Amino acid sequence: MSEETKSLNFIEHIIEEDLANGLPKDKLRFRFPPEPNGYLHIGHTKAIGISFGLGEKYNAPVNLRFDDTNPSKEEQEYVDAIKRDIAWLGYQWENELYSSDYFDKLYEWAVQLIKDGKAYVDSQTSEAMAEQKGTPTQPGTNSPYRDRSVEENLDLFQRMKAGEFPAGTHVLRAKIDMEDPNMLMRDPIMYRIMYAHHHRTGDEWCIYPMYDWTHGESDYIEQISHSLCSLEFKPHRKLYDWFKDNVYEYAKDKLPLPPKQREFARLNLSYTIMSKRKLLKLVEEKVVSGWDDPRMPTISGLRRRGYTPNSIREFIKKVGVAKRENVIDVSLLEFCVREDLNKTANRVMAVLNPVKVVITNYPEDKEEWLEAENNQEDASAGYRKVPFSREIYIEKEDFKEEAGSKFFRLKLGGEVRLKNAYIIKANDVIKDKNGDITEIHCTYDTDTSKKVKGTLHWVSIKHAITAEIREYDRLFMHEAPDSDKDKDFMEFLNPNSLNVKIGYLEPSLSEAKVGERFQFQRLGYFVVDEDSTSDKLVFNKTVGLRDSWAKQKPKPQTTMQAKPKPQQQKRSAISVIQQLGKKYTNYPEDKQTKVKAEIIDLAKEVSYDELEPLFATAVKKAGTRIAVMIALKELLKNGLERNEAINEFISKALEDKNDILVAEASEV
RNA sequence: UAACCUGUGGUGUAAUGGCAGCAUUCAAGACUUUGAAUCUUGAGGUAAUGGUUCAAAUCCAUUCAGGUUAUCCA
């Protein structure tokens, strides 16, 4: 067997084990089963990435199955949007399927279960049934209809299907166990009566199967080998298996592979929400412009924001798969787009907060078209020309009349390089009556070989084109907006999540097309929004560049006072000694020598009061005792007086069965 | 407080009993016609306590903490 050096996640381990136990590789089959009741968001991408990723890894088919068993919530619009988003991410499904395709088969199996005495029609109100259900701590009680005869059940179920009863009057239940500690096993409902138009089956059905009855059986019909879902479905597994085991008896000849449900932790992203219901609320209350608002965590929102499919797939890969609750920092997502866009986005110059610069020694009617590299990360991206003239804009932030040596940008009397152009020196400023700077007067120097610390981006005023620039901040000001028990997530909305301004861009951008991505040098990545028209460009800011300068100065009026990172405290010397000790006996000799020296060094910072409690360390923990002994020796050497406790600790150590400990102790 | 699940640097994820890695984040430096990128270096971790073992993040026990499950939703 070839040694797999790459690390596997727990699902891959399960699959490898199944393969090792004889599951043929060509039987591997996965599925992604969204309900078409909303748009896909970044959280779904994890599930998509897992199942489709496994498909790619094992060269196995992955079905796209719409779980459409509740016609009151589902719409074709969502089906279309989901397909578009998955395709955009670059995944290919084997078959496009619908749970509703299996309504006939499910009905047939339900009848079979009734015949076998494993399902019955209950005719109580939902309140009465809830009452009998019990609680997690109290067992439930049987329905009075539980022991109806097979004939009666068959008759009623058939009439339910035929539309003879109003909604809510009857349900079909599986007959399992009302006392099962797992609430889902207490005679779960399999069918309810619902007179609703289904986006695919129309008015053909008036009874609809419930999730638990549908999902596992759909997996089974499609011969899915591993059915992967999020952790919240863990309690459903027992029921999933119950249905599967029973149905297997009816169909095993034609459908030999019983699927296996496994659960992983869903993705949570800091400063955002993932609940479809809550996202819908943002749309309905017009907090955002729609499902594809660039601030939304939906795939369509991220797409419009300028994220690339690649960056999202990379993000999902980095996030990994496990079973513990997690909150992923948005900075990881941002890292992933920057990494991708850095390699692919062409650089251009744009000024968003302009101040005018007049180059006094540059002729008024002169203009030059200078060569600029499109992307130094990609030699094939080529060059373009940018116009230079006597009057240009630079960013207000890039000029100060006076500043310290840490300020690399333009200041009076200082020199700075203009990207792709010349070196200029600021000589004078002109101010209006409010004292605001209206013009900076500079002189230029054609010798571009000299070294200057700062480089600024700029645009020629005469040639600049304007565009609407939409800058976004996070939608919520709380790290976990929907986790607060007392406050509604809407209270954490950031009132300044959208900032619209006019930007001045180099003229080459007049050719830019919707969806095209650029790096505005020194500012960030921007994408042409679909709101652009032939005479007005609109750009969305995808993400800023990393800015280690901004971190050094106190943040100006940011609305979003980013929470200071919890200090990564240095650990105390004693706890480090303790930790080093734990493994001591485990190390090879040369490492022991190194660790010992380290402990001796650390012991200089340790007081006797810190050390003494560790004398009581369990006898078995020889390593820790050795470390304590080494530290103690160092303390004694530095003048610590011996006392009762020390003597006892040493004499006990001398009798220990661990040779290293004895050796250390005897040196005292 | 019934059942089930989960605890590894700030965050995420590896290590199936054998020297706790990787990524991100943060910090310092080098380089730089983007205070970007790149490169170098550093900081930071096995929830606690016992036990089994030559050897424990890993196995056992106890404790602690967090989560999930009670819709004719999925």
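Numbered from 1 within each chain, the chains take letters A, B, ... in sequence-line order. Note that the structure is predicted; figures quoted are calculated from it, not measured.
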(request) Apply side chain to side chain donor-acceptor pair (under 3.5 Å) to A/Thr448 and A/Arg417, showing your working. (result) CA-CA 8 Å; A/Thr448 58; A/Arg417 182 188 303 278; 4.7 Å; no
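Taking 4.0 angstrom as the limit, A/Arg186 places none of its side-chain polar atoms (N or O) nearer than this to OP1 or OP2 of B/U69. Phosphate contact (OP1/OP2 of B/C73, side-chain N/O of A/Thr69, threshold under 4.0 Å): absent. The phosphate of B/C5 (OP1 or OP2) has no side-chain N or O of A/His236 nearer than 4.0 angstrom. Of the side-chain N and O atoms in A/Arg522, one or more sit less than 4.0 angstrom from OP1 or OP2 of B/G35. Between B/C4 and A/Arg237, no contact under 4.0 Å exists linking OP1 or OP2 to a side-chain N or O. Put simply, A/Arg338 has no side-chain N or O that comes within less than 4.0 Å of OP1 or OP2 on B/U38. Remark: A/Lys73 is not in phosphate contact with B/C73, judged by side-chain N or O atoms under 4.0 Å from OP1 or OP2.
In the set B/C72, B/U69, B/G35, the nucleotide with an atom closest to the side chain of A/Met183 is B/U69. Among B/A14, B/U68, B/U53, the nucleotide with an atom closest to any side-chain atom of A/Glu232 is B/U68. For A/Glu35, the listed nucleotide lying nearest its side chain is B/C73; candidates were B/A2, B/C73, B/U33. Each of B/U16, B/A36, B/U13 was ranked by its minimum atom distance to the side chain of A/His13; first place goes to B/U16. In the set B/A55, B/U33, B/G35, B/A55 carries the atom at the smallest distance from any side-chain atom of A/Thr585. Side-chain proximity of A/Arg546 to the nucleotides B/A74, B/G35, B/A36 is greatest for B/A36. Which of B/G35, B/A70, B/U24 sits closest to the side chain of A/Leu332 comes down to B/U24. Here the nucleotide nearest the side chain of A/Met210, chosen from B/G35, B/U68, B/C73, is B/C73. Nearest nucleotide to the A/Glu325 side chain, out of B/U34, B/G67, B/C73: B/G67. For A/Val171, taking side-chain heavy atoms from C-beta onward, the closest of the listed nucleotides B/C72, B/U24, B/G12 is B/C72.
The gap from the C1' atom of B/U24 to that of B/C31 amounts to 23 Å, rounded to the nearest Å. Nucleotides B/G9 and B/U32 have their P atoms positioned 39 Å apart, rounded to a whole Å. Taking atom C1' in both B/U11 and B/G44, the straight-line distance is 12 Å, to the nearest Å.
In terms of polar N and O atoms assigned as donor or acceptor, the side chain of A/Arg324 never comes within less than 3.5 Å of the base of B/G67 in a complementary pairing. Remark: the A/Gln519 side chain and the B/U34 base include a donor-acceptor N/O pair separated by less than 3.5 Å.
Side chains of A/Gln124 and A/Gln132: a donor on one and an acceptor on the other come within 3.5 Å.
Between A/His236 and A/Tyr240, the distance from one ring center to the other does not fall under 6.0 angstrom. Taking the six-membered ring where the residue is Trp, the centroids of A/Tyr39 and A/Tyr78 are separated by under 6.0 Å.
Ring stacking is absent between A/Tyr211 and B/A74, as the pair misses the limits of under 5.5 Å between centres and under 30 degrees between planes.
A/Asn374 contributes a side-chain N or O that, together with a main-chain N or O of A/Ala381, makes up a donor-acceptor pair within less than 3.5 Å.
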Under-3.5 Å N/O pairs linking protein and nucleotides 19-22 of chain B:
residue : atom : partner  : partner atom : Å
B/A20   : OP1  : A/Tyr587 : OH           : 3.4
B/A20   : OP2  : A/Lys583 : NZ           : 2.4

